[in-house]
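Note: hydrogens, waters and symmetry copies are ignored here, and every other heavy atom, side chains too, is used. Fair warning: this is a prediction, and the values are worked out from it, not measured in the lab.
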Amino acid sequence: MIAPHGGRLIERIAGKKEKEDLLSLRGEYPEIEISRELAFEVENIAVGLFSPLEGFLGKEDFHSVLKRGRLASDIPWTIPIVLDVDKEKAQEIGEGLFLLYEGKPIAWMEVQEKFTYDKDEMAYSVYGTLSEEHPGVVKVKSMKDILVGGKITLLNHVSSPFPKYKLTPKETRVLFETKGWRRVVGFQTRNVPHLGHEYIQKTALTFVDGLFINPVIGKKKKGDFKDEVIIKAYEALFKYYYLPETATMAILQMEMRYAGPREAIHHAIIRKNYGCTHFIVGRDHAGVGNFYSPYAAQEIFDDYPDLGIIPLFFRSFFYCKKCGGVVNEKVCPHEEEHRISFSGTKIRALLMEGKIPPAELMRPEVAKVITEFNNPFV
Amino acid sequence: MRQREVKIPEGLYKLIEEHLEELGAKSVEEFVVNAARVALQETTNRKLEIDEKEKEEIKRRLRELGYID
(Lines give C-alpha, C1' and ligand atoms only; values in the text may rest on other atoms or scores of the structure.)
Protein backbone atom coordinates (compact mmCIF):
# COMPACT_ATOMS: atom_id res chain seq x y z
CA MET A 1 0.00 0.00 0.00
CA ILE A 2 1.37 3.41 -0.98
CA ALA A 3 2.47 5.59 1.95
CA PRO A 4 0.54 8.80 2.63
CA HIS A 5 2.02 12.12 1.49
CA GLY A 6 4.77 13.15 3.88
CA GLY A 7 5.02 9.58 5.19
CA ARG A 8 2.25 9.62 7.81
CA LEU A 9 -1.55 9.68 7.59
CA ILE A 10 -2.75 12.54 9.74
CA GLU A 11 -5.73 11.90 11.96
CA ARG A 12 -6.94 14.80 14.06
CA ILE A 13 -10.33 13.65 15.25
CA ALA A 14 -11.17 14.08 18.93
CA GLY A 15 -12.07 10.91 20.82
CA LYS A 16 -15.05 10.95 23.20
CA LYS A 17 -13.12 12.18 26.26
CA GLU A 18 -11.04 14.74 24.35
CA LYS A 19 -14.20 16.07 22.72
CA GLU A 20 -15.90 16.50 26.10
CA ASP A 21 -12.81 18.23 27.53
CA LEU A 22 -12.51 20.59 24.60
CA LEU A 23 -16.20 21.42 24.50
CA SER A 24 -16.08 22.24 28.22
CA LEU A 25 -13.85 25.16 27.23
CA ARG A 26 -16.59 26.81 25.20
CA GLY A 27 -17.21 30.32 26.42
CA GLU A 28 -13.54 30.80 27.39
CA TYR A 29 -12.29 31.12 23.81
CA PRO A 30 -13.52 33.05 20.79
CA GLU A 31 -15.64 31.31 18.16
CA ILE A 32 -16.02 31.96 14.48
CA GLU A 33 -18.62 30.71 12.06
CA ILE A 34 -16.98 29.30 8.95
CA SER A 35 -18.31 28.64 5.45
CA ARG A 36 -19.25 25.21 4.12
CA GLU A 37 -16.09 25.23 1.99
CA LEU A 38 -13.88 25.93 5.01
CA ALA A 39 -15.72 23.28 6.99
CA PHE A 40 -14.79 20.81 4.24
CA GLU A 41 -11.13 21.90 4.53
CA VAL A 42 -11.22 21.32 8.30
CA GLU A 43 -12.63 17.83 7.87
CA ASN A 44 -10.22 17.01 5.04
CA ILE A 45 -7.29 17.98 7.27
CA ALA A 46 -8.68 15.97 10.19
CA VAL A 47 -9.23 12.71 8.31
CA GLY A 48 -5.83 12.89 6.61
CA LEU A 49 -6.84 13.79 3.09
CA PHE A 50 -4.50 16.77 3.30
CA SER A 51 -1.66 14.85 5.00
CA PRO A 52 0.90 16.03 6.08
CA LEU A 53 -1.08 19.16 7.04
CA GLU A 54 -2.33 19.12 10.63
CA GLY A 55 -4.05 22.47 10.44
CA PHE A 56 -4.20 25.76 8.58
CA LEU A 57 -0.89 26.98 7.20
CA GLY A 58 1.37 29.22 9.25
CA LYS A 59 3.36 32.08 7.75
CA GLU A 60 6.52 30.18 6.77
CA ASP A 61 4.61 27.37 5.07
CA PHE A 62 2.22 29.85 3.43
CA HIS A 63 5.04 31.81 1.78
CA SER A 64 6.91 28.65 0.86
CA VAL A 65 3.80 27.23 -0.84
CA LEU A 66 3.28 30.44 -2.82
CA LYS A 67 6.90 30.82 -3.87
CA ARG A 68 8.01 27.21 -4.37
CA GLY A 69 4.91 25.03 -4.43
CA ARG A 70 6.35 23.20 -1.43
CA LEU A 71 5.95 23.35 2.33
CA ALA A 72 8.87 24.79 4.30
CA SER A 73 9.88 21.14 4.95
CA ASP A 74 10.29 20.80 1.13
CA ILE A 75 7.34 18.41 0.80
CA PRO A 76 5.35 19.18 -2.39
CA TRP A 77 2.25 21.29 -1.66
CA THR A 78 0.75 23.73 -4.14
CA ILE A 79 -2.51 25.11 -2.73
CA PRO A 80 -2.46 27.29 0.40
CA ILE A 81 -4.95 25.90 2.92
CA VAL A 82 -5.70 28.92 5.05
CA LEU A 83 -8.16 30.35 7.52
CA ASP A 84 -8.96 34.03 6.99
CA VAL A 85 -10.50 36.27 9.63
CA ASP A 86 -11.20 40.01 9.80
CA LYS A 87 -8.99 42.38 11.78
CA GLU A 88 -11.47 42.85 14.63
CA LYS A 89 -11.86 39.10 15.14
CA ALA A 90 -8.09 38.60 14.87
CA GLN A 91 -7.62 40.91 17.87
CA GLU A 92 -9.89 38.69 19.97
CA ILE A 93 -8.03 35.52 19.04
CA GLY A 94 -5.37 34.28 21.44
CA GLU A 95 -4.17 30.72 21.94
CA GLY A 96 -7.28 28.89 20.86
CA LEU A 97 -10.40 29.17 18.79
CA PHE A 98 -13.58 27.22 18.15
CA LEU A 99 -14.66 26.85 14.54
CA LEU A 100 -18.41 26.64 14.09
CA TYR A 101 -20.36 25.49 11.08
CA GLU A 102 -24.09 26.14 10.97
CA GLY A 103 -23.85 27.19 14.61
CA LYS A 104 -22.33 23.88 15.75
CA PRO A 105 -18.69 23.54 16.89
CA ILE A 106 -16.88 21.41 14.33
CA ALA A 107 -13.29 21.96 15.41
CA TRP A 108 -10.95 23.30 18.01
CA MET A 109 -7.92 25.20 16.73
CA GLU A 110 -4.64 25.68 18.57
CA VAL A 111 -3.65 29.07 17.23
CA GLN A 112 0.04 29.24 16.44
CA GLU A 113 0.20 32.57 14.61
CA LYS A 114 -1.72 35.36 12.95
CA PHE A 115 -0.31 37.21 9.98
CA THR A 116 -1.15 39.61 7.17
CA TYR A 117 -0.65 38.66 3.55
CA ASP A 118 -0.65 40.14 0.07
CA LYS A 119 -3.79 39.03 -1.78
CA ASP A 120 -2.34 39.84 -5.21
CA GLU A 121 0.73 37.73 -4.42
CA MET A 122 -1.47 34.86 -3.28
CA ALA A 123 -3.78 35.05 -6.29
CA TYR A 124 -0.95 35.34 -8.81
CA SER A 125 1.10 32.53 -7.28
CA VAL A 126 -1.80 30.09 -7.20
CA TYR A 127 -3.75 31.04 -10.33
CA GLY A 128 -1.02 32.63 -12.49
CA THR A 129 -3.24 35.65 -13.16
CA LEU A 130 -4.81 38.65 -11.48
CA SER A 131 -7.74 38.75 -13.89
CA GLU A 132 -11.05 39.14 -12.17
CA GLU A 133 -12.52 36.87 -14.82
CA HIS A 134 -10.90 34.04 -12.89
CA PRO A 135 -13.19 32.73 -10.09
CA GLY A 136 -10.21 31.89 -7.88
CA VAL A 137 -8.82 35.42 -8.10
CA VAL A 138 -12.23 36.85 -7.22
CA LYS A 139 -12.38 34.58 -4.20
CA VAL A 140 -8.90 35.52 -2.94
CA LYS A 141 -9.69 39.23 -3.33
CA SER A 142 -12.83 38.76 -1.24
CA MET A 143 -10.94 37.04 1.59
CA LYS A 144 -10.56 38.66 5.00
CA ASP A 145 -7.31 40.44 5.85
CA ILE A 146 -5.66 38.21 8.47
CA LEU A 147 -4.65 34.57 8.21
CA VAL A 148 -4.62 32.36 11.29
CA GLY A 149 -2.34 29.32 11.35
CA GLY A 150 -2.47 26.35 13.68
CA LYS A 151 -3.42 22.73 14.23
CA ILE A 152 -7.05 21.72 14.30
CA THR A 153 -8.91 18.94 16.11
CA LEU A 154 -12.22 17.79 14.63
CA LEU A 155 -15.12 17.74 17.09
CA ASN A 156 -17.97 16.92 14.71
CA HIS A 157 -18.05 15.66 11.15
CA VAL A 158 -19.61 17.76 8.40
CA SER A 159 -22.87 16.26 7.15
CA SER A 160 -23.00 15.07 3.57
CA PRO A 161 -25.88 14.76 1.11
CA PHE A 162 -24.22 11.52 -0.01
CA PRO A 163 -23.18 9.69 3.20
CA LYS A 164 -23.06 6.38 1.33
CA TYR A 165 -20.15 7.68 -0.75
CA LYS A 166 -18.20 9.50 1.94
CA LEU A 167 -15.07 7.55 2.84
CA THR A 168 -11.97 8.56 4.78
CA PRO A 169 -8.48 7.72 3.47
CA LYS A 170 -8.19 5.02 6.12
CA GLU A 171 -11.39 3.47 4.80
CA THR A 172 -10.35 3.61 1.15
CA ARG A 173 -7.01 2.07 2.05
CA VAL A 174 -8.75 -0.84 3.79
CA LEU A 175 -11.17 -1.05 0.85
CA PHE A 176 -8.35 -1.28 -1.72
CA GLU A 177 -6.50 -3.84 0.38
CA THR A 178 -9.65 -5.95 0.85
CA LYS A 179 -10.30 -5.90 -2.88
CA GLY A 180 -6.71 -7.02 -3.45
CA TRP A 181 -5.81 -3.87 -5.39
CA ARG A 182 -2.09 -3.12 -5.17
CA ARG A 183 -2.12 -0.53 -7.94
CA VAL A 184 -5.05 1.87 -7.98
CA VAL A 185 -5.69 4.71 -10.39
CA GLY A 186 -7.61 7.75 -9.17
CA PHE A 187 -9.90 9.78 -11.42
CA GLN A 188 -10.90 13.30 -10.40
CA THR A 189 -14.10 14.65 -11.88
CA ARG A 190 -16.56 17.52 -11.65
CA ASN A 191 -18.52 16.37 -14.68
CA VAL A 192 -21.02 13.78 -15.76
CA PRO A 193 -19.26 10.99 -17.68
CA HIS A 194 -19.21 10.96 -21.46
CA LEU A 195 -17.62 8.25 -23.56
CA GLY A 196 -14.28 10.07 -23.63
CA HIS A 197 -14.06 9.93 -19.82
CA GLU A 198 -15.03 6.28 -19.81
CA TYR A 199 -12.38 5.48 -22.39
CA ILE A 200 -9.66 7.25 -20.39
CA GLN A 201 -10.72 5.49 -17.18
CA LYS A 202 -10.82 2.07 -18.80
CA THR A 203 -7.54 2.59 -20.64
CA ALA A 204 -5.86 3.44 -17.32
CA LEU A 205 -7.61 0.55 -15.57
CA THR A 206 -6.19 -1.88 -18.10
CA PHE A 207 -2.74 -1.35 -16.57
CA VAL A 208 -3.62 -1.35 -12.86
CA ASP A 209 -5.75 -3.39 -10.46
CA GLY A 210 -8.50 -0.93 -9.58
CA LEU A 211 -10.17 2.32 -10.62
CA PHE A 212 -11.21 4.88 -8.00
CA ILE A 213 -13.67 7.47 -9.35
CA ASN A 214 -13.65 10.45 -7.03
CA PRO A 215 -16.12 13.24 -7.93
CA VAL A 216 -15.64 16.58 -6.24
CA ILE A 217 -18.71 17.61 -4.29
CA GLY A 218 -18.92 21.24 -3.27
CA LYS A 219 -19.05 24.75 -4.58
CA LYS A 220 -18.66 24.96 -8.34
CA LYS A 221 -19.09 27.64 -10.94
CA LYS A 222 -22.28 28.47 -12.78
CA GLY A 223 -22.91 26.06 -15.65
CA ASP A 224 -21.22 23.09 -13.96
CA PHE A 225 -23.34 20.00 -13.31
CA LYS A 226 -25.07 19.78 -9.93
CA ASP A 227 -23.54 17.30 -7.49
CA GLU A 228 -26.57 14.98 -7.42
CA VAL A 229 -26.58 14.83 -11.22
CA ILE A 230 -22.93 13.76 -11.29
CA ILE A 231 -23.52 11.06 -8.68
CA LYS A 232 -26.64 9.69 -10.40
CA ALA A 233 -24.89 9.71 -13.79
CA TYR A 234 -21.95 7.75 -12.42
CA GLU A 235 -24.29 5.32 -10.65
CA ALA A 236 -25.84 4.58 -14.04
CA LEU A 237 -22.41 4.13 -15.63
CA PHE A 238 -21.33 1.77 -12.85
CA LYS A 239 -24.54 -0.22 -13.09
CA TYR A 240 -24.26 -0.91 -16.79
CA TYR A 241 -20.60 -0.54 -17.76
CA TYR A 242 -18.25 -1.26 -14.82
CA LEU A 243 -17.26 -4.31 -12.80
CA PRO A 244 -17.50 -3.90 -9.01
CA GLU A 245 -14.40 -6.09 -8.77
CA THR A 246 -12.29 -3.47 -10.51
CA ALA A 247 -13.98 -0.09 -10.03
CA THR A 248 -15.43 1.89 -7.16
CA MET A 249 -16.51 5.42 -6.33
CA ALA A 250 -16.41 7.78 -3.35
CA ILE A 251 -16.94 11.52 -3.13
CA LEU A 252 -14.47 14.24 -2.23
CA GLN A 253 -16.14 17.14 -0.39
CA MET A 254 -14.03 20.06 -1.50
CA GLU A 255 -14.39 23.30 -3.35
CA MET A 256 -13.07 23.46 -6.92
CA ARG A 257 -10.51 26.24 -7.23
CA TYR A 258 -9.88 26.11 -10.99
CA ALA A 259 -6.16 26.61 -10.35
CA GLY A 260 -5.17 24.41 -13.32
CA PRO A 261 -1.60 23.07 -12.91
CA ARG A 262 -1.26 23.78 -9.19
CA GLU A 263 -4.63 22.20 -8.51
CA ALA A 264 -3.64 19.11 -10.52
CA ILE A 265 -0.77 18.53 -8.07
CA HIS A 266 -3.15 19.13 -5.15
CA HIS A 267 -5.61 16.62 -6.58
CA ALA A 268 -2.83 14.05 -7.04
CA ILE A 269 -1.68 14.46 -3.42
CA ILE A 270 -5.22 13.89 -2.14
CA ARG A 271 -5.58 10.70 -4.21
CA LYS A 272 -2.19 9.51 -2.92
CA ASN A 273 -3.56 9.95 0.59
CA TYR A 274 -6.63 7.92 -0.38
CA GLY A 275 -4.20 5.14 -1.32
CA CYS A 276 -4.04 5.56 -5.10
CA THR A 277 -0.73 4.75 -6.77
CA HIS A 278 -1.63 6.42 -10.08
CA PHE A 279 -3.58 9.52 -11.01
CA ILE A 280 -5.19 10.49 -14.31
CA VAL A 281 -4.43 13.96 -15.66
CA GLY A 282 -6.29 14.87 -18.81
CA ARG A 283 -6.49 17.96 -20.97
CA ASP A 284 -6.87 21.27 -19.10
CA HIS A 285 -7.22 19.57 -15.72
CA ALA A 286 -8.94 21.90 -13.19
CA GLY A 287 -8.79 24.69 -15.73
CA VAL A 288 -11.27 27.45 -16.43
CA GLY A 289 -11.75 29.53 -19.60
CA ASN A 290 -8.46 29.92 -21.44
CA PHE A 291 -6.31 30.71 -18.43
CA TYR A 292 -4.04 27.69 -18.80
CA SER A 293 -2.52 26.02 -21.83
CA PRO A 294 -4.22 22.66 -22.51
CA TYR A 295 -1.39 20.53 -21.10
CA ALA A 296 0.07 22.86 -18.44
CA ALA A 297 -1.46 20.64 -15.75
CA GLN A 298 0.60 17.72 -17.11
CA GLU A 299 3.85 19.66 -17.57
CA ILE A 300 3.93 20.81 -13.92
CA PHE A 301 4.52 17.21 -12.81
CA ASP A 302 8.10 17.56 -14.16
CA ASP A 303 8.78 19.86 -11.20
CA TYR A 304 7.73 17.19 -8.70
CA PRO A 305 9.78 14.02 -9.24
CA ASP A 306 9.29 13.33 -5.53
CA LEU A 307 5.48 13.50 -5.56
CA GLY A 308 5.20 9.77 -4.86
CA ILE A 309 2.20 9.08 -7.11
CA ILE A 310 2.46 8.24 -10.81
CA PRO A 311 0.57 10.63 -13.09
CA LEU A 312 -1.01 9.11 -16.19
CA PHE A 313 -1.28 11.73 -18.91
CA PHE A 314 -3.99 11.60 -21.53
CA ARG A 315 -4.46 13.71 -24.64
CA SER A 316 -7.88 14.51 -26.08
CA PHE A 317 -10.07 11.63 -27.15
CA PHE A 318 -12.75 11.73 -29.83
CA TYR A 319 -15.08 9.37 -31.64
CA CYS A 320 -13.88 8.46 -35.13
CA LYS A 321 -16.57 7.27 -37.52
CA LYS A 322 -14.01 5.46 -39.66
CA CYS A 323 -12.28 3.74 -36.73
CA GLY A 324 -15.73 3.01 -35.32
CA GLY A 325 -14.79 3.85 -31.75
CA VAL A 326 -13.23 6.24 -29.26
CA VAL A 327 -9.63 7.01 -30.21
CA ASN A 328 -7.04 9.77 -29.96
CA GLU A 329 -4.69 11.44 -32.40
CA LYS A 330 -1.89 8.97 -31.59
CA VAL A 331 -3.89 6.04 -32.91
CA CYS A 332 -6.34 7.46 -35.47
CA PRO A 333 -5.05 8.16 -39.00
CA HIS A 334 -8.29 9.71 -40.28
CA GLU A 335 -9.14 13.29 -41.16
CA GLU A 336 -10.97 15.77 -38.98
CA GLU A 337 -14.24 15.36 -40.91
CA HIS A 338 -14.61 11.80 -39.58
CA ARG A 339 -14.12 12.80 -35.96
CA ILE A 340 -16.73 13.79 -33.38
CA SER A 341 -15.22 15.65 -30.44
CA PHE A 342 -16.43 15.26 -26.86
CA SER A 343 -17.25 18.92 -26.60
CA GLY A 344 -18.58 19.67 -23.14
CA THR A 345 -20.34 22.72 -24.53
CA LYS A 346 -22.08 20.67 -27.22
CA ILE A 347 -23.16 17.96 -24.78
CA ARG A 348 -24.40 20.58 -22.31
CA ALA A 349 -26.38 22.37 -25.01
CA LEU A 350 -28.14 19.15 -25.99
CA LEU A 351 -28.89 18.21 -22.39
CA MET A 352 -30.14 21.71 -21.66
CA GLU A 353 -32.73 21.24 -24.41
CA GLY A 354 -33.69 17.90 -22.84
CA LYS A 355 -32.21 16.03 -25.80
CA ILE A 356 -30.27 12.76 -25.50
CA PRO A 357 -26.73 13.17 -26.94
CA PRO A 358 -25.78 10.63 -29.64
CA ALA A 359 -24.57 7.25 -28.37
CA GLU A 360 -21.09 8.01 -29.76
CA LEU A 361 -20.79 10.77 -27.15
CA MET A 362 -22.67 9.53 -24.11
CA ARG A 363 -24.12 6.25 -22.88
CA PRO A 364 -27.92 6.40 -23.29
CA GLU A 365 -28.42 5.16 -19.71
CA VAL A 366 -26.30 8.05 -18.42
CA ALA A 367 -28.01 10.63 -20.65
CA LYS A 368 -31.45 9.40 -19.54
CA VAL A 369 -30.59 9.95 -15.87
CA ILE A 370 -29.37 13.49 -16.58
CA THR A 371 -32.41 14.49 -18.62
CA GLU A 372 -34.68 13.36 -15.78
CA PHE A 373 -33.52 16.42 -13.83
CA ASN A 374 -35.45 19.62 -14.57
CA ASN A 375 -32.26 21.66 -14.38
CA PRO A 376 -29.06 19.62 -14.10
CA PHE A 377 -26.81 22.69 -13.91
CA VAL A 378 -25.56 24.91 -11.07
CA MET B 1 14.45 30.33 1.24
CA ARG B 2 17.68 29.66 3.11
CA GLN B 3 20.23 27.48 1.30
CA ARG B 4 23.23 25.36 2.34
CA GLU B 5 26.29 24.33 0.36
CA VAL B 6 27.18 20.68 -0.26
CA LYS B 7 30.44 19.53 -1.89
CA ILE B 8 30.56 16.73 -4.47
CA PRO B 9 33.60 15.25 -6.28
CA GLU B 10 34.56 17.23 -9.37
CA GLY B 11 34.50 14.16 -11.62
CA LEU B 12 30.93 13.39 -10.59
CA TYR B 13 29.94 17.02 -11.12
CA LYS B 14 31.35 16.97 -14.64
CA LEU B 15 29.70 13.67 -15.46
CA ILE B 16 26.30 15.01 -14.37
CA GLU B 17 26.95 18.21 -16.34
CA GLU B 18 27.69 16.19 -19.49
CA HIS B 19 24.46 14.23 -19.17
CA LEU B 20 22.08 16.95 -18.02
CA GLU B 21 19.73 16.54 -20.94
CA GLU B 22 19.34 12.77 -20.46
CA LEU B 23 18.94 13.33 -16.73
CA GLY B 24 16.07 15.74 -17.39
CA ALA B 25 17.61 18.63 -15.45
CA LYS B 26 18.63 22.15 -16.35
CA SER B 27 21.60 22.32 -13.99
CA VAL B 28 23.74 20.09 -11.78
CA GLU B 29 22.17 21.71 -8.76
CA GLU B 30 18.63 20.94 -9.99
CA PHE B 31 19.58 17.31 -10.62
CA VAL B 32 21.17 16.85 -7.20
CA VAL B 33 18.22 18.49 -5.40
CA ASN B 34 15.70 16.35 -7.30
CA ALA B 35 17.71 13.14 -6.76
CA ALA B 36 17.80 13.90 -3.03
CA ARG B 37 14.05 14.59 -2.99
CA VAL B 38 13.21 11.33 -4.74
CA ALA B 39 15.50 9.32 -2.44
CA LEU B 40 13.98 10.97 0.63
CA GLN B 41 10.44 10.45 -0.59
CA GLU B 42 11.13 6.73 -0.93
CA THR B 43 13.02 6.44 2.35
CA THR B 44 10.79 8.44 4.67
CA ASN B 45 7.55 6.89 3.47
CA ARG B 46 6.25 4.53 6.09
CA LYS B 47 3.72 1.82 5.58
CA LEU B 48 0.39 2.72 7.10
CA GLU B 49 -0.35 0.45 10.01
CA ILE B 50 -3.99 -0.01 10.93
CA ASP B 51 -4.59 -2.36 13.85
CA GLU B 52 -6.73 -5.41 13.19
CA LYS B 53 -9.59 -4.29 15.46
CA GLU B 54 -9.94 -0.97 13.63
CA LYS B 55 -9.59 -2.71 10.29
CA GLU B 56 -12.50 -5.02 11.15
CA GLU B 57 -14.63 -2.03 12.14
CA ILE B 58 -13.84 -0.33 8.85
CA LYS B 59 -14.66 -3.51 6.93
CA ARG B 60 -18.01 -3.73 8.71
CA ARG B 61 -18.87 -0.17 7.62
CA LEU B 62 -17.71 -0.88 4.06
CA ARG B 63 -19.95 -3.96 4.00
CA GLU B 64 -22.92 -1.95 5.26
CA LEU B 65 -22.34 0.63 2.55
CA GLY B 66 -22.16 -2.08 -0.11
CA TYR B 67 -18.50 -1.57 -1.03
CA ILE B 68 -17.48 -5.14 -0.16
CA ASP B 69 -19.33 -8.45 0.28
Residues, nucleotides or ligands: over 12 heavy atoms within 6.0 Å of [X] [atom1]:
| X | atom1 | answer |
| --- | --- | --- |
| A/Glu235 | CD | yes |
| B/Glu10 | CD | no |
| A/Phe313 | CZ | yes |
| B/Glu54 | CD | yes |
| B/Asp51 | CG | yes |
| A/Lys202 | NZ | yes |
| A/Tyr124 | OH | no |

> Quick one: what part of B/Glu57 sits under 4.5 Å from any heavy atom of chain A, side chain, backbone, both or neither?
Replying inline: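 Neither; nothing under 4.5 Å.
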
Would you mind reporting whether [Y] and [X] have side-chain heavy atoms less than 4.5 Å apart?
| X | Y | result |
| --- | --- | --- |
| A/Asp306 | B/Leu40 | no |
| A/Arg70 | B/Arg37 | yes |
| A/Leu167 | B/Leu62 | yes |

> Highest number of heavy-atom pairs under 4.5 Å with chain A: which of B/Arg61, B/Lys59, B/Glu64?
Replying inline: B/Arg61

> Atom CD1 of B/Ile58 and atom CD of A/Glu171: how far apart are they, to the nearest 0.5 Å?
Replying inline: 5.5 Å

>> Rounded at 0.5 Å granularity, tell me how far OH in A/Tyr165 sits from OH in B/Tyr67.
In response: 6.5 Å

Which bit of [X] comes within less than 4.5 Å of chain B, counting heavy atoms only: side chain, backbone, both or neither?
| X | answer |
| --- | --- |
| A/Lys179 | side chain |
| A/Ala250 | both |
| A/Pro163 | backbone |

> Which heavy-atom pair separates B/Val38 from A/Pro305 by the least distance, and what is that distance?
Replying inline: CG2-O, 3.4 Å

> So which of A/Thr168, A/Leu175, A/Asp302, A/Thr248 has the largest heavy-atom pair count under 4.5 angstrom toward chain B?
Replying inline: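 Most heavy-atom pairs under 4.5 Å with chain B: A/Leu175.
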
